Amino acid sequence: MSLIEKLSWRYATKKFDANKKIPADKLEQLLATVRLAPSSLGLQHYKIVVVENPDVREKLKAAAYGQPQITDASQVIVFAAETNLDETYVNKYVDEVAKVRQVTHESLEGYKSMMLGSVNGQTAEQKLAWAHKQAYIALGVLVSAAADLGIDICPMEGFSAPQFDEILGLKEKGLTASVIATIGYRSTEDVTATFAKVRKPSEELFIHV
Ligand SMILES: Cc1cc2nc3c(=O)[nH]c(=O)nc-3n(C[C@H](O)[C@H](O)[C@H](O)COP(=O)(O)O)c2cc1C
């Protein structure tokens with residue numbers, strides 16, 4: 001299947017087959033793909049929590065307006081934005097760049113000052129909004145990667161972020177929930193799987209200049 005065929009096959013799964021788990025190697029492949037999502041300045045200022053524990057998922061379901069995907073899916077993926085984007089965070093990233101690319105810290109001085117300028121020039125609120133945007137990019141990559149691997153997914157905003165933070169202990173980790181996704185395999189009873197895709201016509205969506 002081509003990518004366009006795979007994205008036509010996928011849909012926001014409303015009913016997962018609760019007995020079907022994603023095999024470990026496929027899950028690993030899916031997560032390895034989302035790890036490659038791009039982010040502004042490469043900072044990846046979010047974390048991705050993979051929730052499998054049934055008891056935790058029961059609590060999350062209550063905090064997601066009872067949406068059944070939370071407990072029926074194979075896993076719940078929580079994208080959580082970093083709330084403490086500061087100089088220490090940037091320094092750690094610069095250390096990683098120096099290590100991976102085997103370059104000196106001196107050669108990264110200009111890059112580092114540019115990043116610090118960008119980080120220090122924003123209010124805490126702006127930085128958090130920025131982090132949430134990065135999390136959504138990762139969500140987009142996850143949606144496409146899942147389709148590529150024949151895994152069903154439902155991206156979800158219908159949940160209480162403060163309650164998710166509380167249940168998963170995210171605040172203590174300097175994180176707050178941005179957006180979530182449930183992953184697994186569609187139930188044969190999910191009639192919404194057959195619904196035609198509703199998308200804006202190309203002439204309405206695209207503006208060519
Ligand atoms: C950011 C985001 C949040 C969403 N939140 C929910 C949700 O909480 N529950 C749900 O069932 N579907 C949710 N959806 C699914 C959308 O309703 C769905 O993607 C859209 O209607 C297009 O349909 P399709 O994905 O099946 O092609 C969400 C989708 C996105 C991208």
Side-chain angles (χ1 to χ4, degrees), residues 1-18 20 22 30-31 33-40 44-52 56-82 128-168 170 175-206:
M1 270 203 279
S2 66
L3 182 58
I4 199 162
E5 285 168 331
K6 287 174 175 172
L7 290 176
S8 304
W9 166 84
R10 70 142 296 278
Y11 74 109
T13 308
K14 302 293 175 206
K15 192 168 169 43
F16 283 89
D17 183 338
K20 252 175 130 176
I22 299 174
L30 183 68
L31 298 180
T33 310
V34 76
R35 181 176 166 258
L36 294 175
S39 64
S40 197
Q44 288 182 291
H45 30 309
Y46 54 82
K47 286 215 166 112
I48 301 170
V49 187
V50 182
V51 188
E52 220 167 315
V56 175
R57 287 210 266 160
E58 273 305 332
K59 291 185 198 156
L60 294 179
K61 181 165 140 179
Y65 312 105
Q67 295 194 77
Q69 297 100 315
I70 302 283
T71 43
D72 289 347
S74 183
Q75 281 85 14
V76 179
I77 309 292
V78 180
F79 295 87
E82 293 276 353
L128 185 57
W130 190 31
H132 283 310
K133 288 185 202 170
Q134 312 311 312
Y136 272 75
I137 294 169
L139 171 74
V141 172
L142 184 74
V143 169
S144 303
D148 186 45
L149 293 169
I151 292 170
D152 284 300
I153 182 164
C154 186
M156 298 166 86
E157 276 177 331
F159 67 97
S160 157
Q163 286 179 40
F164 265 54
D165 291 356
E166 179 73 33
I167 296 163
L168 298 171
L170 296 181
L175 298 166
T176 183
S178 293
V179 66
I180 66 170
T182 43
I183 54 172
Y185 297 100
R186 65 188 69 177
S187 158
T188 49
E189 290 162 21
D190 192 351
V191 289
T192 69
T194 60
F195 288 3
K197 284 249 170 290
V198 180
R199 294 293 189 270
K200 285 181 182 173
S202 297
E203 56 280 15
E204 208 181 297
L205 181 64
F206 301 110

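Here the structure is a predicted model, which is why all the values come from computation and not from measurement. We count ligands from 1, going down the list as the structure has it; atoms in each ligand are counted the same way.
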Determine whether I70 and T182 make a side-chain contact, defined as any pair of heavy atoms from C-beta on separated by less than 4.5 Å. yes

Return the option from P155, A181, A193 holding the heavy atom at the smallest distance from atom 28 (C) of ligand 1. P155

Atoms of ligand 1 close to K197 [distance to a heavy atom under 4.0 angstrom, numbered from 1]: 24 (P), 26 (O), 27 (O)

Looking only at protein heavy atoms, which one is nearest to atom 25 (O) of ligand 1, and what is the separation? R10 NH2, 2.7 Å

Which pair of non-hydrogen atoms, one from E82 and one from Y46, has the smallest distance, and what is that distance? CG-N, 3.6 Å

heavy-atom search around atom 16 (C) of ligand 1 in the protein gives A12 CB, 4.2 Å

Between the side chain of Q67 and the main-chain N/O of G158, is any donor-acceptor distance below 3.5 Å? yes

How does K15 reach ligand 1, if at all, at less than 4.0 Å between non-hydrogen atoms: by side chain, backbone, both, or neither? neither

Residue, atom name and distance, where the atom is the protein heavy atom closest to atom 23 (O) of ligand 1: R199 NH1, 3.9 Å

Could you give me the CA-CA distance, side-chain angles and deciding distance for I77 and I183, then say whether side chain to side chain contact (heavy atoms under 4.5 Å, CB included) is met? CA-CA 8 Å; I77 309 292; I183 54 172; 3.8 Å; yes

Please report the C-alpha distance between D148 and K6 in whole Å, then the side-chain angles of each, then the deciding distance to 0.1 Å, and finally whether the salt bridge (Lys or Arg N to Asp or Glu O under 4.0 Å) criterion is met. CA-CA 6 Å; D148 186 45; K6 287 174 175 172; 2.6 Å; yes

Any protein heavy atom < 4.0 Å from atom 20 (C) of ligand 1: no

Shortest protein contact, atom 5 (N) of ligand 1 (heavy atom only): E157 N, 2.9 Å

among protein heavy atoms, the one nearest atom 9 (N) of ligand 1 is Q67 OE1, 2.9 Å

Short list, please: which atoms of ligand 1 are under 4.0 Å from a heavy atom of Q69? 11 (O)

Quick look: C154 vs ligand 1, heavy-atom contacts under 4.0 Å, and the answer is side chain

In terms of atom number and element, which parts of ligand 1 are under 4.0 angstrom from non-hydrogen atoms of Y11? 26 (O)

Atom 11 (O) of ligand 1 [closest protein heavy-atom partner, distance rounded to 0.1 Å]: K14 NZ, 2.7 Å

Which of the atoms of ligand 1 are close to G158, meaning less than 4.0 Å from one of its heavy atoms? 8 (O)

Residues T71 and K61: side-chain donor-acceptor under 3.5 angstrom: yes

Is the shortest heavy-atom distance from the side chain of I137 to the side chain of P38 under 4.5 Å? yes

Mind checking whether Y65 and M156 have side chains closer than 4.5 Å, heavy atoms only? no

Donor-acceptor check, side chain of D17 to backbone of Y185, threshold 3.5 angstrom: yes or no? no

